[in-house]
Structures are given as C-alpha cells and as structure tokens.
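These values consider heavy atoms only, across backbone and side chains, with no hydrogens, waters or symmetry-generated copies.
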Amino acid sequence: MTLTTRPVETPAAAPARRTRRADALSPSWLFAAPALLIYAAVVLYPSVVGVLYAFTDWSGVGEDMSFVGLANFRAILGDEQAMGSLGNTLLLTVAILVVQNGVGLLLALGVHAKLKSRALLRVVFFAPVVVSPVMVAFLWKYVYTPDPSAGLNGLLGLDVDWLGDPSVALWSIAGMVVWQYAGYSMVIFLAGLEGIPVELHEAAMIDGASTLQRFRYVTWPLLAPALTINLMLSTIGGLKLFDQVFAATNGGPGYATETLSTVLYKQAFVFGKFGYSTAIALVLALFVAAVSLVQMYYLRSREVAQ
Amino acid sequence: MKSRTFLLEIVMIAVAVAFLFPVYALVTLSLKDPGQISQSPLALPAPPTTANFTEAWSAAALGPSLVNSTVITVVSLVALIGFGSFAAYFLARAATRLGYGLYILFLLGIVLPFQLGMIPLYELVNKLGLIGTHAGMIVFYTGIQLPFTVFLYTGFIRALPREYASAAQIDGASHLVAFTRVVFPLLRPITGTVLILNAVFIWNDFFTPLLYLGGSGFETVPVSVFAFVGQYVSDYGLVFAGLVLGALPIVAVFLVLQKYVIKGFSSGLKG
C-alpha cells in the first residue's frame with residue numbers, strides 16, 4: 001500500500017531524497033527507543049551472553065569460568081540423556097505438528113458449516129487454550145491414571161499405564177498438548193476459511209465439483225497462509241515444550257519423555273552445569289531457527305505460487 | 001443437503017462431548033470426597049460437597065496470588081501496548097534502512113528460545129535486586145513479549161493509510177500528537193488482539209515466575225497451584241478444586257469476551 005503511493009525514483013537520486021523524505025514524514029527513531037531498550041536488556045543481551053556461556057564450563061557459582069571451546073557440544077553428542085531428549089523433542093514436535101493441525105483443520109471445517117451449535121462448539125474447542133499448560137498437565141495426569149476403573153482407562157475399558165509405560169508416555173504427552181491447542185489451530189484455520197469468497201465454491205459447484213474436489217481445489221490452496229502460520233506456531237511450540245512435560249512426568253519414566261527444555265533445565269538448576277545447559281539451549285535455538293527459516297521459505301513460496 | 005448438515009451437527013456434538021471428558025473429570029472430582037472418588041471415580045458426585053474448594057482456597061493461598069497475577073499482568077499489558085505501538089509506528093513508517101533492520105531484529109525475538117538467555121538474564125535481574133519483585137516480572141514480560149506485539153502492530157499499521165497522520169501534521173501536529181490522537185485510536189482492533197494474546201500468555205506463564213518468584217511470597221497463580229498440587233498430590237478432590245479455582249479467573253474472562261477473543265486470535269494471526 002505504501003509502496004504504490006511512493007513516486008518512482010531514479011537510482012542516483014534515490015538515497016538523498018529518501019533520507020529527506022524520511023525526515024519530513026516518518027516518525028523519529030526515538031519512537032522505537034524505549035521498546036528497543038527493554039527488548040535489548042531482556043532478550044538480546046542475555047541471549048548473546050548465553051551464546052558465550054555455551055563455550056564455558058561455568059558452574060553457576062562464583063566467577064570461576066574458563067572457555068572450553070566445543071567441549072560442551074562434544075559432550076552433548078556423547079550424552080545419552082541429551083541425545084535421547086533431542087530425539088524425543090523431534091518426535092513430539094512432528095506428532096504435535098501433524099495431529100494438532102489435522103484435528104484443528106477438521107474442527108474448523110466442522111464449525112465453519114452452518115450448524116445451529118457452531119458458536120457454542122467454537123467456545124468449547126477453544127477454551128483449553130486459555131488455561132495454564134501446567135494446570136492442564138495436572139488434569140491430564142489424572143486422565144492418564146493407570147487405575148483401570150478411573151480416568152481414560154475407566155472410560156474406554158482399557159488397562160494402559162499412559163504416563164508410566166516408557167513406550168507410551170511420549171505419545172500421551174503429545175495427546176494432551178493436542179487436546180489443549182487443537183482449538184488454537186482451529187481458530188486460525190477458521191479465519192482462513194472465512195476469507196475464502198463464497199462465489200468460488202458456488203462456481204465450482206456449478207461446474208459439478210464434488211465436496212471433496214471443492215476442498216482439494218478451492219479450499220486447500222486458499223488455506224495456505226493459515227497453514228503456514230499454524231505449522232510455524234506448532235513447530236516452535238513443540239520444539240520449546242517444557243511446562244507440560246515438567247508437570248506431568250518430569251522427563252520420566254527413565255528418560256522416556258525428556259525434552260531439550262527439561263534436560264537443559266535440569267543441567268542448570270539440578271546439576272549446576274550452567275555452561276553445559278546453555279550449550280543445549282544453543283542447540284535448541286539453532287533447531288528452532290533452522291526449522292522456522294526452512295518452513296517460512298518453503299511455505300511462503302508455496303503461497304505466492306497460488 | 002439438510003440431512004447432511006444434521007448428521008454433521010450430531011458428529012460435531014459427539015466430538016465435543018468426548019473432548020470435554022477431562023473437564024467432566026475435573027469438575028466432578030472436585031465435588032467429591034475421597035471415599036466417593038475411590039469407589040466410583042467416573043460417576044456424578046452424590047451428594048456433591050464444596051469442602052474441597054474452601055480448603056484448597058486457603059491451602060493454596062490463592063487470594064494473594066490472584067492479586068500478584070493481576071498486578072503483573074495488567075502493568076505488563078499497559079507497557080506492551082504503549083512501547084509496542086510506538087515502536088511499530090516507527091518501524092512501519094520509516095522508509096529507512098534503520099527501520100527495516102530494527103524490524104528484523106525484533107522478529108528475531110519471536111524465534112529465539114528464552115532458554116538461551118535464561119541464565120544471563122537471571123544474573124542480571126539478580127544484580128538489579130529485582131528477584132522476587134513485581135517490577136522484575138513486569139520488565140521481563142514486557143521484553144519477552146515485545147517482539148510478537150511489535151510484529152502484530154507493524155503489520156496492522158502498514159495496512160493503514162498514511163494520510164490520516166499526514167493530515168494532522170499539515171495542521172501543525174507533531175509526530176507524537178499525530179500518533180497518540182489520530183493513529184493510536186485507529187489501532188483498536190489490533191490492540192484488542194495484542195491485549196488478549198499477551199494476557200493469556202502472561203497470566204498462564206509458569207516457568208519464569210517459578211524461577212524469579214518461588215518462595216518470595218509474591219507467587220503468581222500457576223506457581224501457587226503448582227506448589228499446592230505438589231503438597232496434596234494424592235488427594236484428587238482437593239487438587240482438582242485447586243485447579244478449578246486457579247483456572248477460573250482466566251476462563252471467566254474468556255467466557256465474557258469469547259466472541260472478541262476468537263475473532264482477535266484469528267485476525268491477529270491472519271498476518
């Protein structure tokens with residue numbers, strides 16, 4: 001919008017005129033100064049120092065600290081718990097990504113239809129999003145009780161130790177995260193669905209397209225922006241997952257549900273290995289950055305192609 | 001067509017009922033005494049008792065925590081809206097390289113996991129004597145949520161015609177007056193979104209207040225509930241009454257504002 005109103009500039013004259021123009025009509029950078037100051041103090045400065053700590057053996061107590069180069073990162077590679085948590089984090093993220101967005105999309109399609117109960121349904125599916133993840137985790141600890149007469153087992157007539165069986169526990173965590181955030185994905189998909197002109201569906205219907213064909217060729221391509229945002233949010237959320245695991249299993253049984261976030265927490269605050277903990281945090285940061293960049297690049301290019 | 005919609009409605013309601021099972025467990029168990037819970041865990045409470053609630057309220061010290069959570073959330077929101085909208089106004093309107101660079105710098109904050117700076121930040125907050133204070137938490141939430149806030153505001157302001165502010169400025173208003181009197185009131189829809197998204201995040205955040213406020217007497221609701229649950233871990237009736245009380249304020253706010261919450265979430269994230 002702003003681009004179209006700007007006059008065409010010759011390359012040579014551009015820099016000078018742009019500066020003058022900025023002086024006259026653009027607000028001063030002082031508008032951004034307070035925000036920048038707080039952001040720098042709370043996020044940028046500590047992150048930069050964090051990167052430095054990742055290359056030290058600091059124990060968290062006193063000034064005693066020496067640079068150890070890549071030793072922390074080599075230690076991560078040889079650390080069964082850290083490597084296991086990396087695998088768990090990736091599995092969890094993929095599971096949450098697929099199921100949460102799949103369920104969210106189905107729910108969105110359901111409550112987008114002209115149902116009498118749709119306003120109420122939206123509230124029901126969205127409500128868990130506003131509750132603290134720690135409290136949801138405590139609630140689900142009971143839902144997942146091993147007692148065959150109570151919780152989910154009692155309801156379904158099963159006898160599963162949802163959080164106590166190492167081969168099940170990770171998927172149980174994913175299930176509770178999906179329960180809490182499926183409504184979040186739903187709302188974003190819903191926004192996308194509401195942005196699709198009705199005329200497109202009518203035209204496709206006149207052309208004889210079936211419901212499935214209309215979804216495939218009209219709805220799905222036009223949902224691309226909503227899908228981008230949903231995939232990015234659930235990926236970043238999955239990679240950083242902490243509260244739910246901390247409250248429900250604390251990484252157990254054994255290391256079955258340990259994630260990068262719980263391991264780095266324990267390394268720092270239980271074992272006092274602050275340097276090592278920050279190295280794990282750096283690995284996490286690089287993962288989040290790499291995955292979101294790739295997703296942004298790939299998904300945005302797909303959007304433009306529509 | 002009609003019967004298909006009806007069938008879909010039945011299916012969706014069935015899904016909603018299944019979806020609500022954990023909530024059913026939460027509410028019914030909070031109304032039962034230990035005997036009822038062990039004998040008939042899934043049945044309706046007969047008769048319901050409110051004893052769990054009165055006990056949980058005092059045992060979890062929820063009164064003071066509610067005050068702490070409210071102060072921290074409200075002041076942080078005011079700071080986020082003020083600082084965030086001002087910064088976004090510059091970022092959206094500045095046709096300079098500085099403006100673009102700063103925008104990218106702010107976006108970086110959405111991707112960076114806070115764990116990376118967790119320990120240095122703790123040291124900094126400690127050095128400033130802000131551990132165990134409301135002020136420390138408010139500065140933290142303002143800083144950590146600014147990137148997302150700035151991102152939402154900048155996108156919205158970019159789509160807003162420049163002419164409103166220019167007109168005011170031709171009439172002699174300064175940038176500051178043009179922004180506060182003309183532009184800021186036009187930002188109301190996105191301000192609603194910023195308010196809601198940040199309120200849910202700040203109110204529910206657990207890890208940072210655990211780290212910064214644990215044992216200070218200034219605990220927020222999730223931290224108090226966490227400590228309370230740890231203490232009464234096996235008494236589900238009592239624990240669930242605590243969870244209900246702890247979640248009630250934010251759920252009540254949501255139910256009152258739900259129309260705007262859902263609209264705000266989607267419009268804010270439409271990008």
Check your understanding: Is NZ or CZ of B:Arg158 both nearer than 6.0 Å to the six-membered ring centre of B:Tyr103 and within 45° of the ring axis?
Key ->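 Geometry flag: set, cation within 6.0 Å and 45°.
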Using heavy-atom distances under 4.5 Å, tell me whether [X] contacts chain A through its side chain, its backbone, both, or neither.
X: B:Leu98; result: side chain
X: B:Glu123; result: side chain
X: B:Val139; result: both
X: B:Leu102; result: side chain
X: B:Ile37; result: neither
X: B:Leu210; result: side chain
X: B:Leu124; result: side chain
X: B:Phe19; result: both
X: B:Phe179; result: side chain
X: B:Phe226; result: both
X: B:Phe140; result: both
X: B:Leu112; result: both
X: B:Leu29; result: side chain

Pick one of side chain, backbone, both or neither for [X], based on which atoms fall under 4.5 Å of a heavy atom in chain B.
X: A:Leu107; result: both
X: A:Leu121; result: side chain
X: A:Lys116; result: both
X: A:Val111; result: both

Is the distance from the ring center of [X] to that of [Y] below 6.0 Å?
X: B:Phe148; Y: B:Phe201; value: no
X: A:Tyr53; Y: A:Phe274; value: no
X: A:Phe246; Y: B:Phe207; value: no
X: B:Tyr232; Y: B:Phe228; value: yes

Check your understanding: Would you call B:Arg93 and B:Leu160 a side-chain contact if the rule is heavy atoms closer than 4.5 Å?
Key ->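 They are in side-chain contact.
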Check your understanding: Hey, are the side chains of A:Leu36 and B:Leu105 touching, using non-hydrogen atoms and a 4.5 Å cut-off?
Key ->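 Sidechains of B:Leu105 and A:Leu36: in contact.
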Any donor-acceptor pair under 3.5 Å linking the side chain of [X] with the backbone of [Y]?
X: B:Ser85; Y: B:Ile81; answer: yes
X: B:Lys32; Y: B:Ala43; answer: yes
X: A:Ser117; Y: A:Leu120; answer: no
X: A:Lys240; Y: A:Leu260; answer: no
X: B:Ser69; Y: B:Val221; answer: yes
X: B:Tyr24; Y: B:Leu42; answer: yes
X: A:Lys266; Y: A:Asn250; answer: yes

Under a 4.5 Å cutoff for heavy-atom pairs, which residue among [options] has the most contacts with chain B?
options: A:Ala268, A:Gly154, A:Gly151; answer: A:Gly151
options: A:Thr278, A:Leu293, A:Asp243; answer: A:Asp243
options: A:Trp179, A:Trp29, A:Tyr45; answer: A:Trp179
options: A:Ala182, A:Ser149, A:Ala113, A:Gly183; answer: A:Ser149
options: A:Ala35, A:Gly50, A:Pro133; answer: A:Ala35
options: A:Val288, A:Val43, A:Val134; answer: A:Val134

Using a 4.5 angstrom heavy-atom cutoff, name the option from [options] with the most pairs to chain A.
options: B:Met118, B:Glu9, B:Gln115; answer: B:Glu9
options: B:Pro147, B:Ala79, B:Gly143, B:Gly242; answer: B:Gly143
options: B:Leu211, B:Val251, B:Val239, B:Val125; answer: B:Leu211
options: B:Gly82, B:Ala88, B:Gly117, B:Gly230; answer: B:Gly117
options: B:Leu80, B:Val111, B:Val200, B:Ile196; answer: B:Val111

Check your understanding: Do the ring planes of B:Phe240 and B:Tyr236 sit parallel (below 30°), tilted (30 to 60°) or perpendicular (above 60°)?
Key ->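 The arrangement is perpendicular - the two ring planes meet at more than 60°.
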**Study point:** ring pair (Phe, Tyr, Trp, His ring centres under 6.0 Å) evaluation trace for B:Phe254 with A:Phe126
**Key:** CA-CA 10 Å; B:Phe254 163 65; A:Phe126 188 76; 5.7 Å; yes
Exercise for review: Name, in order of residue number, those residues of residues 139-148 of chain A that have a heavy atom at a distance of less than 4.5 Å from a heavy atom in chain B; otherwise write 'none'.
Suggested key: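 Residues A:Leu139, A:Trp140, A:Lys141, A:Tyr142, A:Val143 are the ones that qualify, each having a heavy atom under 4.5 Å from chain B.
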**Study point:** Minimum heavy-atom distance A:Met135-A:Val131, with the two atoms named
**Key:**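 Closest approach of A:Met135 to A:Val131, heavy atoms only: CB-CG1, 4.2 Å.
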Point to revise | Test log, rule side-chain hydrogen bond (donor to acceptor under 3.5 Å, both in side chains), inputs A:Thr211 and B:Arg4 | key: CA-CA 12 Å; A:Thr211 311; B:Arg4 238 167 87 181; 2.9 Å; yes
Practice item. Report the C-alpha separation of B:Phe206 and B:Thr220 in whole Å, then their side-chain angles, then the decisive distance to 0.1 Å, and conclude whether the side chain to side chain contact (heavy atoms under 4.5 Å, CB included) test is met. Key: CA-CA 8 Å; B:Phe206 163 69; B:Thr220 57; over 6 Å; no
